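Let me begin by presenting the structure, written as structure tokens, before commenting on it.
Bear in mind that the values here come from a model prediction, so they are computed numbers and not experimental data. So that the names make sense, note that chain A is the first sequence line, chain B the second, and so on, each numbered from 1.
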Number of protein chains: 2
Amino acid sequence: MVYSKKKNPNSMDIISVAIVEDNHDIRNAMELLINGSEGYACIGAFNNAEMALERVPQLLPNVVLMDFNLPGMNGIECIARLKAEFPDMQFMMLTVYEDDDKIFMALEAGASGYILKKTSPGELLDAIRDLHDGGSPMSSQIARRVVAYFQKQAKPNPALEALTSREKEILDQLSKGFLYKEIASNLFISIETVRRHVHNIYEKLHVRSRTDAVNKYFNR
Amino acid sequence: MVYSKKKNPNSMDIISVAIVEDNHDIRNAMELLINGSEGYACIGAFNNAEMALERVPQLLPNVVLMDFNLPGMNGIECIARLKAEFPDMQFMMLTVYEDDDKIFMALEAGASGYILKKTSPGELLDAIRDLHDGGSPMSSQIARRVVAYFQKQAKPNPALEALTSREKEILDQLSKGFLYKEIASNLFISIETVRRHVHNIYEKLHVRSRTDAVNKYFNR
DNA sequence: ACAGGAATAACACGTAAATGTTATTACAAA
DNA sequence: TTTGTAATAACATTTACGTGTTATTCCTGT
């Protein structure tokens with residue numbers, strides 16, 4: 001980034017990396033790998049989240065490799081805090097788990113890459129560069145979990161299928177917070193008809209208030 | 001799948017593929033590629049969505065390669081209809097676009113893979129197998145879009161930061177549809193205090209009803 | 001031709017929510 | 001020490017919401 005005008009592979013595009021990993025052997029192995037590879041520099045390695053929170057703001061690495069399980073604060077929380085302060089910093093979750101929960105927690109916290117520890121050294125380096133170049137390195141198995149989450153989100157509550165199209169229209173208006181009289185004038189019907197529809201909607205959804213109906217509408 | 005007991009590479013694990021693509025040359029090229037590769041069989045190729053909707057239910061391919069832009073019904077709608085009827089069928093979106101909207105529409109409709117048309121023949125075959133094996137083949141650039149969507153979803157409305165912790169607690173109760181008296185007993189305070197807090201919340205969020213407050217709470 | 005669902009409408013009643021005003025206590029910052 | 005904010009509480013008033021009952025029109029399927 002510094003000498004961006006010159007196409008010199010020794011000075012441009014060196015990716016600075018920090019490692020947060022409590023296992024001594026893994027941490028040292030990764031540090032050696034990164035420092036031994038052209039275009040990469042490991043500028044910090046920490047064995048816990050607290051130390052990382054203290055030093056990373058000074059070092060400002062391009063990429064942070066974060067272990068999931070750490071003594072004390074876990075890696076998710078550590079990413080969330082650093083990401084909030086440094087939105088452009090890139091985080092790669094490194095873990096042995098492929099659980100849905102852990103994946104989603106990491107992504108929500110601000111990790112953009114999610115790879116397994118069994119990943120080969122060469123692939124790890126590729127993933128770091130990919131992450132730095134704006135990609136989200138992850139296995140296609142993990143990608144499928146993320147995609148599945150999307151598809152689940154898109155599925156509406158089956159109870160809503162029982163509603164007529166007019167009732168869905170009314171429910172949509174309810175969800176937007178309109179008063180009955182506003183719904184009436186929006187849909188060119190009387191307020192009494194609105195009441196009627198709302199009543200039928202509540203019966204079909206088994207709820208007794210607008211908020212509950214809206215929660216079902218949004219699948220919560 | 002048929003001769004799954006015998007480990008014969010010529011009969012097991014042959015992935016049946018259907019192609020929906022309006023460009024004659026591309027369609028033929030893909031068909032030739034697939035039929036010319038061991039372990040793959042192209043059992044149908046259609047130049048529009050309507051034809052695919054008619055024939056795919058009879059052919060029941062393992063994987064459907066779907067173009068985005070088709071004459072008449074588009075590929076998204078075609079996937080949505082087929083996926084609803086055959087949830088186990090796998091769909092791969094093939095497109096020249098990398099737009100966020102198109103990616104999300106495809107994923108929501110039920111596509112599990114999303115690759116660009118410029119993908120090499122070898123990579124296309126790999127992606128088909130990957131998709132069939134439960135992965136979600138996509139470039140890491142596209143994965144980043146999906147991840148970014150996650151992270152955006154996770155960001156709460158900044159207006160909520162103005163609320164005190166007690167007010168957030170009250171708002172959470174409001175969002176769950178509790179009556180004031182229920183909130184009062186849940187939090188061991190009087191109903192009048194609940195009123196007071198709700199009033200303050202409404203002022204800070206600039207809303208005049210529970211539904212509007214809850215909508216802000218959920219960032220809608 | 002008729003049954004049934006869907007959309008429309010009106011009226012009455014009770015409950016819940018939203019608004020306005022005022023006040024006490026506690027705690028933290030200036 | 002004073003000032004300010006947060007949390008607590010009470011009372012009165014108005015508006016909105018939810019329920020029960022009844023009825024007409026239109027359309028669809030049998």
Side-chain angles (χ1 to χ4, degrees), chain A residues 53 81 84-85 155-220, chain B residues 53 81 84-85 155-220:
Chain A
L53 285 178
R81 296 202 187 187
E85 213 176 336
K155 270 184 216 153
N157 190 321
L160 297 181
E161 301 306 311
L163 301 182
T164 69
S165 61
R166 191 58 156 174
E167 284 165 352
K168 286 178 193 164
E169 209 171 347
I170 300 271
L171 179 52
D172 185 67
Q173 296 270 309
L174 284 177
S175 78
K176 295 189 167 77
F178 288 118
L179 302 179
Y180 284 7
K181 59 181 170 191
E182 290 172 328
I183 297 174
S185 83
N186 288 347
L187 302 184
F188 307 107
I189 55 179
S190 91
I191 195 171
E192 297 302 329
T193 306
V194 175
R195 280 190 212 285
R196 180 87 295 238
H197 284 308
V198 171
H199 188 256
N200 290 336
I201 290 166
Y202 288 4
E203 271 199 337
K204 288 183 180 176
L205 299 186
H206 307 295
V207 298
R208 309 176 64 80
S209 74
R210 178 194 285 240
T211 306
D212 286 340
V214 173
N215 279 342
K216 290 220 168 183
Y217 183 56
F218 288 115
N219 214 4
R220 270 192 266 96
Chain B
L53 286 178
R81 296 201 188 187
E85 213 176 337
K155 269 184 217 153
N157 189 322
L160 296 181
E161 301 308 311
L163 301 181
T164 69
S165 60
R166 192 56 156 176
E167 285 166 351
K168 286 178 193 165
E169 212 171 344
I170 301 271
L171 179 52
D172 185 68
Q173 296 269 311
L174 283 177
S175 77
K176 294 190 170 77
F178 288 118
L179 301 179
Y180 286 7
K181 61 181 167 190
E182 290 172 328
I183 297 174
S185 84
N186 289 347
L187 302 184
F188 308 106
I189 55 180
S190 91
I191 195 171
E192 298 301 330
T193 305
V194 175
R195 281 189 214 288
R196 181 90 292 251
H197 284 307
V198 172
H199 187 256
N200 292 337
I201 290 166
Y202 288 3
E203 272 197 337
K204 288 184 181 175
L205 300 185
H206 307 294
V207 298
R208 312 177 61 79
S209 74
R210 177 194 285 239
T211 306
D212 286 340
V214 172
N215 280 342
K216 291 221 168 184
Y217 184 55
F218 287 115
N219 211 6
R220 279 197 306 266

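Rounded to whole Å, atom P of C/dA7 lies 19 Å from atom CZ of A/R195. Rounded to whole Å, atom P of C/dA7 lies 17 Å from atom CZ of A/F188. The nearest whole Å value for the distance from the CG atom in B/N200 to the C1' atom in D/dT8 is 11 Å. Protein atom NZ of B/K204 is 11 Å distant from nucleotide atom C1' of D/dA7, rounded to whole Å. Residue A/K168 contributes atom NZ, which lies 16 Å from atom C1' of C/dA7 at whole-angstrom precision. Between the CD1 atom of B/I191 and the P atom of D/dC11 there is a distance of 13 Å, rounded to whole Å. Distance, A/E167 CD to C/dG5 C1': 11 Å, rounded to whole Å. Between A/I183 atom CD1 and C/dA9 atom P the separation is 14 Å, expressed in whole Å.
The CZ atom of A/R220 sits 10.0 Å away from atom OG1 of A/T211, with the distance rounded to the nearest 0.5 Å. For the atom pair CD (A/E161) and NZ (A/K168), the distance works out to 5.0 Å, reported to the nearest 0.5 Å. Rounded to the nearest 0.5 Å, atoms OH (A/Y202) and CG (A/D212) are 8.5 Å apart. Atom-to-atom distance recorded for A/I201:CD1 and A/L174:CG is 5.5 Å, nearest 0.5 angstrom. The line from CD1 of A/I183 to CD of A/E169 is 10.5 Å long, rounded to the nearest 0.5 Å. To the nearest 0.5 Å, atom OG1 of residue A/T164 and atom CZ of residue A/R166 are 9.0 Å apart.
Each of B/N186, B/I191, B/V194 was checked for a side-chain contact (heavy atoms from CB on, under 4.5 Å) with B/K181, and the lone residue meeting it is B/I191.
Between C/dT19, D/dA16, D/dT8, one nucleotide has an atom nearer to the side chain of B/H199 than all others, and that is C/dT19. Taking every side-chain heavy atom of B/Y202 into account, C/dA18 is the closest of D/dA7, C/dA7, C/dA18. Comparing atom distances between the A/S165 side chain and each of D/dA9, C/dA17, C/dA7 picks out C/dA7 as nearest. Closest to the side chain of B/H197, out of D/dA6, D/dA16, D/dT8, is D/dT8. Here the side chain of B/E192 is nearest to one of C/dA18, D/dA16, D/dA9, namely D/dA9. Here D/dA16 is the nucleotide among D/dG18, D/dA7, D/dA16 with the atom lying nearest to any side-chain atom of A/L179.
The number of heavy-atom neighbours closer than 6.0 Å to CZ of B/R208, taken from other residues, nucleotides and ligands shown, is 12 or below.
Under 4.0 angstrom from either OP1 or OP2 of C/dT8 there lies at least one side-chain N or O belonging to A/R166. Look at A/T164 and you'll find a side-chain N or O under 4.0 angstrom from OP1 or OP2 of C/dA7. Between D/dG18 and A/Y180, a contact under 4.0 Å exists linking OP1 or OP2 to a side-chain N or O.
Within 4.0 Å of B/T193, counting heavy atoms only, lies at least one base atom of the nucleic acid.
Sequence order on DNA chain D of the closest nucleotides to A/L174 and B/A162 puts B/A162 first from the 5' end.
Under 3.5 Å, the side chains of A/Y217 and A/D172 contain a donor-acceptor pair of N or O atoms.
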When you compare the protein's N or O atoms with those of nucleotides 23-30 of chain D, which come within less than 3.5 Å of each other, and at what distance?
none

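The stretch residues 206-220 of chain B comes close to DNA chain C through B/R208, B/S209, B/R210, each having a heavy atom under 4.0 Å from the strand.
At least one donor-acceptor pair closer than 3.5 Å links the side chain of A/K216 to the backbone N or O of A/L205.
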